[in-house]
Amino acid sequence: MSTETTSASNQAPAQSFEFQAEIKQLLDIVIHSLYTEKEIFLRELVSNASDATEKLRHLQLTEKAAHDPERALEITVTPDEKAKTLVIEDAGLGMTGEELVKFLGTIAHSGSKNFLKALQEGGQKNSNLIGQFGVGFYAAFMVAKKVEVFSRSWQPEAPAHVWTSEGAGTYTLAPAPEHTARGTKIVLHLKDDAEDFSKKWRVEEILKKYSAFVSFPIKLEGEQVNKVQALWLRSKSEIKDEEYTEFYKFQAHAYDDPRLRLHFSADAPLQIASLLFVPKENPEKFGMQRAEPAVALYCRKVLIDARPKDLLPEWLRFLKGVVDSEDLPLNISRETMQDKALLEKIGKTVTSRFLKFLADEAKSRPEGYDEFFKEFGIFLKEGAALDWTHKDALTKLLRFESTFTEAGKTTSLADYVTRLKEGQTEIYYLVGPSRAAIESGPYLEGMKARGLEVLFCTEAVDEYVMNNVREFDGKKLVAADSPDAKLPEAPKPPAAEGDLTDEQVKDLATWLKETLGERVTEVKASDRLVDSPALAISADRMMTPQMRRMMKALKKDAPDEPVKVSLELNPRHAVIKRLHSIRGSDTDRATLVAEQILDNALIAAGLFEDPSKMVARLYKLLEQA
Ligand code: ADP
Ligand code: MG
């Protein structure tokens with residue numbers, strides 16, 4: 001619908017039109033939303049300018065000469081503080097009068113369609129949707145009370161027009177013969193509360209944030225704002241290491257050199273190009289703040305979200321870089337990218353690729369991988385424990401020191417499995433503050449005697465991780481000091497003089513249980529011991545020393561629950577034999593020794609808590625010595 005009026009600025013006739021109903025609805029939301037990130041209007045207009053320029057470049061390759069062939073393919077942004085305007089000009093393919101009406105007056109050709117759809121589905125959250133989706137060209141009305149679009153199509157004979165609107169339901173179209181340059185010039189007459197966008201520093205800030213990698217030069221007062229290339233879209237073979245490093249520093253605001261990088265693209269199931277970096281250091285080391293997701297999401301070089309929360313799993317929060325997906329056909333706009341399911345799909349693909357990359361690194365550059373693991377293994381452990389989607393791949397990437405590795409060297413679970421003893425169905429580990437601490441405890445003796453390998457779990461999270469991962473390659477992960485460990489028969493040492501008979505051991509155990517009372521749930525002969533007289537096993541399998549410490553920290557003022565353990569004896573040990581021999585004749589001393597054996601076992605188990613009685617007892621024992 002149109003009516004003839006007379007334009008005030010020139011005497012040529014201007015036609016007046018009404019926006020399509022959907023556009024009216026859209027404008028209403030855009031204008032009245034209190035959305036804070038109004039700045040995205042510039043991202044939208046610059047990406048339109050870039051799209052139009054890209055299309056022109058294509059045309060120039062395939063079609064006859066376009067109008068104004070010498071014109072440089074760049075985008076100019078001109079803020080004018082005095083006039084309170086912002087002008088965005090491109091040398092793209094431009095629009096004819098008809099196209100102006102069709103593209104800017106109806107919804108059919110706009111990505112804004114998706115916005116309206118999401119709005120209908122999403123209900124209330126209008127204002128947020130704008131920021132997420134962008135609303136294409138109409139975002140201009142968030143900041144402008146009047147928008148003029150001057151456009152001259154690439155088609156040689158097409159006259160130029162100016163499209164004008166105040167966003168209130170109508171727009172006009174008039175000839176604009178003075179606009180002779182090919183392309184589109186958008187003049188925003190800024191609203192009073194949007195005057196900031198006529199300031200150079202503000203405009204520069206926004207351009208650098210969202211449009212840093214746009215393919216064509218963006219010029220602001222003669223200076224190019226976007227100087228770094230979108231490396232992720234270039235072919236790997238053309239890119240030098242220094243370029244990657246420079247890009248990393250720029251994009252991630254980093255000062256170090258990256259430790260690892262992965263540059264890949266995929267076509268199926270989704271079209272993705274990605275450039276990922278692992279920094280030199282773990283950003284959460286030394287109790288620093290929890291890292292925020294930092295892999296930015298782009299669509300065709302235009303920033304969608306610098307810190308997307310739903311793209312990658314949380315345990316990948318140490319990664320830097322870019323994921324770009326132009327999965328959608330060109331005429332559908334990038335707004336749809338914010339579709340959550342799609343984001344998840346992209347994230348899954350990227351995560352799988354990254355995990356495969358790590359597996360390859362571990363194979364081809366094991367030393368580099370070990371260093372990476374030392375710094376970032378904690379994130380992989382978190383993932384293995386919590387991320388069911390990627391658990392298997394992550395578990396394969398874990399590394400531990402073990403009784404079969406030198407100090408400082410590690411093994412994978414897969415390698416552990418290749419060394420299983422005949423009949424071994426479990427993977428054993430021991431938790432402790434350090435390798436040395438675990439090695440000096442009694443729990444390794446029986447494992448060593450059986451030739452079983454034990455992993456050293458020395459990081460605070462390890463116990464939690466092992467409990468969550470539970471098994472690998474069909475083998476259960478079992479703590480070697482847990483009552484659950486099903487150890488195969490140990491080779492019997494040769495009988496020696498003075499060995500206790502089974503009957504004597506049983507009597508001694510019964511006596512010990514009576515003597516130690518509440519503190520032990522059970523006393524029995526052990527097959528885990530070689531060099532130590534006794535060991536303690538937490539009676540409650542969940543209440544490991546680590547768990548106990550944590551519980552204590554949580555309920556500081558609650559009275560201590562007494563530790564309850566099952567005590568296992570080494571009947572061949574001299575101390576035990578001696579205890580047996582004095583138990584009848586020197587009950588007092590035997591009682592002291594029994595209590596001391598229990599305390600020693602508790603110390604080794606990390607369960608010993610009250611030294612006051614022990615000191616007095618030790619003096620008594622020394623007196624008698
Ligand atoms: P989208 O970019 O998602 O298609 P927009 O609302 O941003 O939606 O733009 C609507 C349409 O207007 C575009 O598809 C394009 O055809 C046209 N258009 C917008 N800006 C320009 C421009 N600077 N040059 C040429 N055409 C443009
Ligand atoms: Mg657009």
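Whatever order the structure lists ligands and atoms in, that order sets their numbers, starting from 1.
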Trainee: How about F19 and S165: do any of their side-chain heavy atoms sit closer than 4.5 Å?
Mentor: yes

Trainee: Please say whether more than 12 non-hydrogen atoms of neighbouring residues, nucleotides or ligands are located less than 6.0 Å from CD in Q224.
Mentor: yes

Trainee: So how far is it from F264 CZ to F357 CZ, rounded to the nearest 0.5 Å?
Mentor: 11.0 Å

Trainee: Applying a heavy-atom cut-off of 4.0 Å, say which part of L45 lies close to ligand 1: side chain, backbone, both or neither.
Mentor: neither

Trainee: For ligand 1, which atoms, with element, lie under 4.0 Å from some heavy atom of L104?
Mentor: 12 (O)

Trainee: Given M95, K185, E99, which one has a non-hydrogen atom that is nearest to atom 21 (C) of ligand 1?
Mentor: M95

Trainee: Flag the pair N226 / L207 as yes when at least one side-chain heavy-atom distance between them is below 4.5 Å, and no otherwise.
Mentor: no

Trainee: If I apply the N/O under 3.5 Å rule, does K55 come out as touching ligand 1?
Mentor: no

Trainee: Check D90 against ligand 1 and report side chain, backbone, both or neither, counting heavy atoms closer than 4.0 Å.
Mentor: side chain

Trainee: Output the list of atoms in ligand 1 that are nearer than 4.0 Å to some heavy atom of G136, sorted by atom number.
Mentor: 5 (P), 6 (O), 7 (O)

Trainee: Is any side-chain N of the basic residue among K219 and E74 closer than 4.0 Å to the acidic one's carboxylate O?
Mentor: yes

Trainee: State whether E246 and K249 are salt-bridged, where the test is any N-O pair (Lys NZ or Arg NE/NH1/NH2 against Asp/Glu carboxylate O) under 4.0 Å.
Mentor: no

Trainee: The Mg ion (ligand 2) and S47: any N/O/S contact shorter than 2.8 Å?
Mentor: no

Trainee: Number the atoms of ligand 1 from 1 as they appear, then name those within less than 4.0 Å of a heavy atom of A52, with their elements.
Mentor: 22 (C), 24 (N), 25 (C)

